[in-house]
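Right, one structure below, let's go through it.
In what follows, every heavy atom counts, from backbone to side chain, and hydrogens, waters and symmetry copies are set aside. In what follows, chains carry the letters A, B, and so on, assigned in the order in which the sequence lines appear, proteins first and then strands, with residues in each chain numbered from 1.
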There are 2 protein chains.
Amino acid sequence: MYSQLKLDNQICFRLYTASRLITQAYRPLLEPLGLTYPQYLVLMVLWENDHQLVSDISKRLVLESNTITPLLQRMESEGLVVRTKGTADKRQTLVSLTRKGIALQDQAKDIPDCMTAAFSDCTPSQEEAMVLVHTLDSIIKYLKNND
Amino acid sequence: MYSQLKLDNQICFRLYTASRLITQAYRPLLEPLGLTYPQYLVLMVLWENDHQLVSDISKRLVLESNTITPLLQRMESEGLVVRTKGTADKRQTLVSLTRKGIALQDQAKDIPDCMTAAFSDCTPSQEEAMVLVHTLDSIIKYLKNND
DNA sequence: TATCTTTGCATCGTGAACGATTTAATTTGA
DNA sequence: TCAAATTAAATCGTTCACGATGCAAAGATA
């Protein structure tokens, strides 16, 4: 038995599990809005800046077009966004919020605080949270640049 | 614009992204063994203790039967495990390694060190890593008990 | 200008995730 | 003892992820 192959020694398994469980925790908050977590991420990107290219959203969420495109197509059929072909560069696709997509921002504004409140019983200290953010950012930065 | 809805303020997005990117980093190491990351997790559980129930694996990986069962079915058709109906309790399914599944452990033994080496350029300090593990464990423990 | 390469996005196939439901076996308790 | 409740897995449908590939538009180069 190789001790390095023990599950308890794997940081990645912890990340994988924590990520899934937190996404599940979002569900009851997102379901009333008819959103999945990745769709909520797309909306957050567009709420910050409307009218972005698929490539902009792709870079921001670190997801390729083969994930983003079907996601956007579903969101379009839900009436949350519209996709229009670029005028200058006809290869590009511009994604814009619909009235409905814009309106959802108001309904979503309390979600982050709800999540924070839901975590109040296990909240890492301010210092732990900062270390967590810093560590994750350095992992992401490193792995993103690896392509 | 609600600042709490900014992507950069979201810890969950970081977890989600880091988890995906690390899983991708495993791919070149797992592909030669014909494994996906979740399949590798199942094998790690069985390498620690062979002959476990679906419910045991389910608890250990924090995944429900609706995820685990198809995963095990694929692994069975790959000849990595066998699934046998429980004798005492016929509702249960016992999962056991095949000779091939056992043999893979030897081929996989260097993967953790390979991953560590691949991360040498962005390795968080020993202290950061410990805080990361501790924080993730407390999040997981809290969310797991929420059902 | 012709063609060669690159880019931006879409499509396809496979394997997870997961809520909801189903099925069969076991346990409970009146 | 026998119907009702519970449990262990499996099944189903939808939505991601993602490698591989396709395709058309734009850019580079001869």
Could you check how far CD of A/E64 sits from P of D/dT21, rounded to whole Å?
16 Å

Would you check if the side chain of B/S138 reaches a backbone N or O of B/T135 as a donor-acceptor pair within less than 3.5 Å?
yes

Can a donor-acceptor pair be found, under 3.5 Å and without considering hydrogens, that links the side chain of B/S19 to the backbone of B/Y16?
no

D/dA17 phosphate, OP1 or OP2: any side-chain N/O from B/Q24 under 4.0 angstrom?
no

Specify the separation, in whole Å, of atom CD of B/E31 and atom C1' of D/dC18.
12 Å

Output yes when a side-chain donor or acceptor of A/T93 lies under 3.5 Å from a complementary backbone atom of A/R83, and no otherwise.
no

Could you tell me the separation between the CG atom of A/L21 and the NZ atom of B/K144, rounded to the nearest 0.5 Å?
8.5 Å

Taking the nucleotide of DNA chain C with the closest heavy atom to each, which residue, A/R91 or B/L63, is nearer the 5' end?
A/R91

For B/L53, answer base if it contacts any base atom (sugar-phosphate contacts may also be present), sugar-phosphate if it contacts only those atoms, and nothing otherwise; contact means non-hydrogen atoms under 4.0 Å.
sugar-phosphate

Atom-pair distance (CD on A/Q73; C1' on D/dT15), nearest Å
13 Å

Consider the side chain of A/T67, meaning its heavy atoms from C-beta on, and name the nucleotide among D/dT11, D/dA17, D/dT15 that approaches it most closely.
D/dA17

What ring-ring contact (aromatic ring centres under 6.0 Å, His included) pairs are there with at least one residue in residues 40-89 of chain A, not counting sequence neighbours?
A/Y26-A/Y40

Could you tell me how far apart A/L71 (CG) and D/dC16 (C1') are, to the nearest whole angstrom?
8 Å

If the cut-off is 4.0 Å, is B/S55 near the phosphate of D/dA9, judged by side-chain N/O to OP1 or OP2?
yes

The answer to which of B/T23 and B/L94 contacts DNA chain D further toward the 5' end, by nearest nucleotide, is B/L94

How long is the line joining NZ of A/K85 and P of D/dA24, in whole Å?
11 Å

When rounded to the nearest 0.5 Å, the distance separating OH of B/Y37 from CZ of A/F13 is 7.5 Å

In whole angstroms, how far is the P atom of D/dC18 from the CZ atom of B/R20?
5 Å

With heavy atoms of chain A within less than 4.0 Å as the criterion, where does contact along DNA chain C begin and end?
C/dT7 to C/dG19

Rounded to the nearest 0.5 angstrom, the CG-CG distance for A/L80 and A/L46 is 10.0 Å

Looking at A/S96, is its backbone amide N or carbonyl O close enough to the side chain of A/D50 to form a donor-acceptor pair, meaning the two atoms are under 3.5 Å apart?
no

Between D/dA10, D/dT11, D/dC16, which one does the side chain of B/V54 approach most closely?
D/dA10

From CG of B/N66 over to P of D/dA8, roughly how many Å is that when rounded to an integer?
15 Å

Per nearest nucleotide of DNA chain C, the residue lying toward the 5' end, A/Q92 or B/K90, is A/Q92

Starting from P on D/dC18, measure out to CG on A/L143 and report it in whole angstrom.
12 Å

Distance check: side-chain N/O of B/Y37 vs OP1/OP2 of D/dA17, anything under 4.0 Å?
no

Regarding D/dA8, can its base be found pairing with the side chain of B/S65 as donor and acceptor, where the two atoms are less than 3.5 Å apart?
no

